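The next block holds one structure in the form of structure tokens; read it before the comments.
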Protein chains: 2
Amino acid sequence: MKSAKQIILRLFQYREFLMRAKSIGIKNVYSDTLAEALGSTATQVRKDFSLFGITGNKRAGYKLDDLLSQLSELLGKNQKQKIIIAGAGNLGKALMQYDGFKKEGIEIVALFDNDPVKVNIESSPPILPIERLFEFIGKNKINLGVIAVPYFAAQQMLDLMILAGIKGVLNFAPISLKSPKDFFINDINLRLELETVAYFIKPLKQED
Amino acid sequence: MKSAKQIILRLFQYREFLMRAKSIGIKNVYSDTLAEALGSTATQVRKDFSLFGITGNKRAGYKLDDLLSQLSELLGKNQKQKIIIAGAGNLGKALMQYDGFKKEGIEIVALFDNDPVKVNIESSPPILPIERLFEFIGKNKINLGVIAVPYFAAQQMLDLMILAGIKGVLNFAPISLKSPKDFFINDINLRLELETVAYFIKPLKQED
DNA sequence: TAGATTGTTAATCGATTAACAATC
DNA sequence: TAGATTGTTAATCGATTAACAATC
């Protein structure tokens, strides 16, 4: 949907690198600088920018501040993004405590779990019972969620989220979820990613 | 390197689905069954199989057991895979406690952290000081690692792992790591994945 | 100016999809 | 057999890379 996920991912990476570069006092960058940082190519970088109408200065590369503000404009990272997490298991809690989100404007406003033992209204963010999810989403106008529940509960959770008004999710459940066409799902299957590495480092019987 | 990561990922997904199907007593599947399960297409499924010499029966689809064993043969999932995790923060611990790995033959044999408070030789798996990483990898012949340390420590950690004999890593540090050509790195940047979802659900100013 | 770097067009590459013959 | 499904070839699509004119 819309422009390819991969390009957007790269734009975010450019932005991340630029913020770090800025913090150490760099004022100008070249497509080559960015390529090097990301393990990409200068052509790729300029092509990506070109696709979104981002321009630099021939001979002088890109002014870091200008580039950064153009990217931020594009990626819309000036407003806060509130999210909720379904599932307060290890992964959910790891995400909850991961402070890299906060400084990028991503605020986890609540977790939800159906295990009463995990519920904790006092924690920050609070861990609430599933029953309150629907109401919470509506009241707080949340449109982004994370699914970190077991696979057998994932589809049901997604259906509930969609009904409540969520527009896109990051899904850690290892299953292909069904959703309307205009709903955005980003699947991450950690075990699969790990197994893939295992596959590629295996001594090969035959090349192809 | 070798066959595209994406195909291998799909093969793992087929295998995962087949194991679940088997557990509920299904004996035969069609390319269409698999396509449906993965949100893919029947042509894609047959193409993937064709690329690896996996065949079924015209008119009768695939015998689940045969297919499963062919995939397992290919993906080499009959031996155990030992891994270590560098970084015993929230993410490292979440992975450590995630029991989905174990039943797929992935065994986390140790975590490593340079914070003495986190070190815990008694836990299972043990959390050891970084100083023991090099020796541990050599002694236990580990070739797969996970990098779950802060970004500024990631390159150094990778260098150490490579030196110790690791052949591939799953990297959660949000930075492009440098490594030899024959070393395999699978990068996962959770924040970026989340931001990407946020981008795609944003009300658009202009289509393209 | 001369040299370096951008921005874009064209070529290439790879992956997905369509079409269809083979055949159980 | 007739119909359904595989396996593969060819066509399409999209993304990456190469080439190079524009120009600061």
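Quick caveat: nothing in here was measured; it's all calculated off a predicted structure. Computed over heavy atoms, backbone and side chain alike; hydrogens, waters and symmetry mates excluded. Chain A is the first sequence line, chain B the second, and so forth, proteins listed ahead of strands; every chain is numbered from 1.
As a whole-Å value, the separation of B/L67 CG from D/dT6 C1' is 13 Å. For the pair A/Y30 OH and C/dG3 P, the computed distance is 17 Å after rounding to whole Å. In this structure, CZ of A/F49 is placed 13 Å from P of C/dT8, rounded to the nearest angstrom. As rounded to whole Å, 16 Å separates atom C1' of D/dT8 from atom CZ of B/F52. Between B/I54 atom CD1 and D/dT5 atom P the separation is 20 Å, expressed in whole Å.
Under the ring pair (Phe, Tyr, Trp, His ring centres under 6.0 Å) criterion, A/F49 pairs with A/Y14, A/Y62, sequence neighbours left out. Remark: B/F17 pairs with no residue by the ring pair (Phe, Tyr, Trp, His ring centres under 6.0 Å) rule, at least two apart or across chains. Legend: residues meeting ring pair (Phe, Tyr, Trp, His ring centres under 6.0 Å) with A/F136, ordered by chain and number and at least two apart, are A/F112. Residues forming a side-chain hydrogen bond (donor to acceptor under 3.5 Å, both in side chains) with A/N171 (at least two apart in sequence, or on another chain): A/D187. Partners of A/Y151 by ring pair (Phe, Tyr, Trp, His ring centres under 6.0 Å), not counting sequence neighbours: none found. By the side-chain contact (heavy atoms from CB on, under 4.5 Å) test, A/L9 pairs with A/K5, B/L192, B/E193, B/T196, sequence neighbours left out.
Interface residues of residues 55-65 of chain B facing DNA chain D, ordered by number: B/T55, B/G56, B/N57, B/K58, B/R59, B/G61, B/Y62; criterion, heavy-atom separation under 4.0 Å.
Phosphate contact (OP1/OP2 of D/dG7, side-chain N/O of B/S50, threshold under 4.0 Å): absent.
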Point to revise | Dot-bracket pairing map - DNA chain C, Watson-Crick plus G-U, both contacts under 3.5 Å, | cross-strand | key: ..||||||||||||||||||||||

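A donor and an acceptor atom, one from each side chain of B/Q81 and B/N143, are located under 3.5 Å apart.
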Practice item. Heavy atoms under 4.0 Å is the rule here; annotate nucleotides 11-20 of chain D 5' to 3' with B where the base is hit, S where only the sugar-phosphate is, and - elsewhere. Key: ----SBBB--

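Residue pairs satisfying the ring pair (Phe, Tyr, Trp, His ring centres under 6.0 Å) criterion with at least one member in residues 81-107 of chain B, sequence neighbours excluded, are listed as follows: B/Y98-B/F101.
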Could you pull out all donor-acceptor pairs under 3.5 Å where a side-chain atom in residues 51-59 of chain A meets a protein atom, sequence neighbours excluded?
residue : atom : partner : partner atom : Å
A/N57   : ND2  : A/G61   : O            : 3.2

Sequence neighbours left out, cut at 3.5 Å: what donor-acceptor pairs do the side chains of residues 156-167 of chain B make with other protein atoms?
residue : atom : partner : partner atom : Å
B/D159  : OD1  : B/Q155  : NE2          : 2.9
B/K167  : NZ   : B/G165  : O            : 3.3

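Between A/V169 and A/V146 there is no side-chain heavy-atom pair separated by less than 4.5 Å.
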